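Predicted, not measured: the structure shown is a model, and the values here were computed from it. Sequence positions, counted from 1, serve as the residue numbers for this chain.
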Amino acid sequence: NMGARSLTALVGGYAAAAGMASLGARLLPVGRVEATLWGMILSFLIFASLGLWAFHERRLWKVASIIWGGALLSAGIVMAIGPRP
């Protein structure tokens with residue numbers, strides 16, 4: 001149980017933070033450099049928040065579904081939108 005929670009917090013949290021940062025950088029209405037910087041800055045906050053929450057929440061199924069689902073959803077949306085023009 002603790003191993004699955006740790007894997008979800010570390011690997012899943014990283015994947016979710018990277019996907020959300022990429023999505024944010026893609027959707028922000030500013031220049032490419034500024035959007036990338038804001039995405040990178042926010043990714044640290046997202047990763048830390050998800051990691052702390054993963055060990056705070058009692059139900060592992062809820063943690064895993066939200067973190068892994070968020071990672072898959074954000075990465076899927078980024079792939080569907082495509083690169084920034």
Side-chain angles (χ1 to χ4, degrees):
N1 192 359
M2 188 55 76
R5 190 175 297 268
S6 298
L7 182 73
T8 298
L10 293 174
V11 178
Y14 181 83
M20 290 179 201
S22 297
L23 183 61
R26 177 61 179 88
L27 295 178
L28 283 174
V30 294
R32 286 180 134 183
V33 174
E34 291 86 5
T36 302
L37 287 173
W38 275 109
M40 290 174 63
I41 290 169
L42 291 175
S43 71
F44 292 106
L45 177 64
I46 293 167
F47 181 61
S49 299
L50 288 175
L52 290 172
W53 175 73
F55 289 101
H56 175 73
E57 176 63 42
R58 288 179 177 239
R59 295 167 294 220
L60 178 59
W61 66 267
K62 184 176 182 181
V63 170
S65 62
I66 290 176
I67 290 179
W68 290 109
L72 290 173
L73 184 65
S74 60
I77 292 172
V78 168
M79 286 185 187
I81 292 174
R84 194 170 183 163

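How far OG of S22 is from CE of M79: 10.0 Å, rounded to the nearest 0.5 Å. Distance check, rounded to the nearest 0.5 Å: CE of M20 to CG of L27 gives 13.0 Å. Taking CG of L23 as the start and CG of L28 as the end, the distance is 9.0 Å to the nearest 0.5 Å.
When each of V63, L10, I67, L45 is checked for a side-chain contact (heavy atoms from CB on, under 4.5 Å) with L50, only I67 meets the rule.
Panel note: side chain R5, backbone F55; no donor-acceptor pair is recorded below 3.5 Å.
Counting heavy atoms of neighbouring residues, nucleotides and ligands inside a 6.0 Å radius, atom CH2 of W53 exceeds 12 of them.
Partners of W68 according to the side chain to side chain donor-acceptor pair (under 3.5 Å) rule, which considers only residues two or more places apart in sequence or in another chain, are T8.
For the pair Y14/S43, no side-chain contact is recorded, criterion being any heavy-atom separation below 4.5 Å from C-beta on.
Counting only residues at least two apart or on different chains, the salt bridge (Lys or Arg N to Asp or Glu O under 4.0 Å) pairs with a member in residues 37-60 are E57-R59. Applying the salt bridge (Lys or Arg N to Asp or Glu O under 4.0 Å) test to pairs two or more places apart or on separate chains, none has a residue in residues 14-38.
Considering every non-hydrogen atom in both S74 and A16, the closest pair reads OG-O, 4.2 Å. When every heavy atom of G12 is checked against every heavy atom of A71, the shortest pair comes out as O-CB, 4.4 Å.
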